[in-house]
Amino acid sequence: MSELAFKQLSSQIDMLSYAERIMLLDKIVKTLHAPVKSPKKESSDFDAAFGLWKDREISIEDIRAKAWGR
């Protein structure tokens with residue numbers, strides 16, 4: 001961008017209200033940041049994430065019965 005074009009753009013921005021400056025800044029930021037795509041997890045189950053009961057048929061009732069079965 002040439003210095004003349006930068007000065008013209010700068011003077012136009014100075015004429016904007018605060019809200020318009022914020023909206024302009026928001027649009028600029030959105031064009032600069034491409035969304036990051038992360039691979040989706042197959043399961044969001046807390047226990048499966050740690051592999052504690054992976055591939056086992058166990059329920060919370062079974063755990064409670066073993067813990068408080070006395």
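In this text, all values refer to a predicted model and were calculated from it rather than measured experimentally.
- Atom OG in Ser2 sits 7.5 Å away from atom CD in Gln8 (nearest 0.5 Å).
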*Should Asp26 and Lys30 be marked as a salt bridge (Lys or Arg N to Asp or Glu O under 4.0 Å) after you check the CA-CA gap, both sets of side-chain angles, and the distance that decides it?*
CA-CA 6 Å; Asp26 184 55; Lys30 285 180 181 177; 3.3 Å; yes

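- Going from atom OG of Ser17 over to atom CE of Met23 covers 6.5 Å, rounded to the nearest 0.5 Å.
- Interatomic distance, NZ of Lys27 versus CG of Leu32, reported as 14.0 Å (0.5 Å rounding).
- Although no hydrogens or angles enter the test, the distance criterion places a donor-acceptor pair under 3.5 Å between the side chain of Arg21 and the main chain of Asp14.
- Note: Leu16 CG to Leu25 CG = 11.5 Å, rounded to the nearest 0.5 Å.
- One hydrophobic cluster, built from ILVMFWY side chains closer than 4.5 Å, holds both Ile28 and Ile13.
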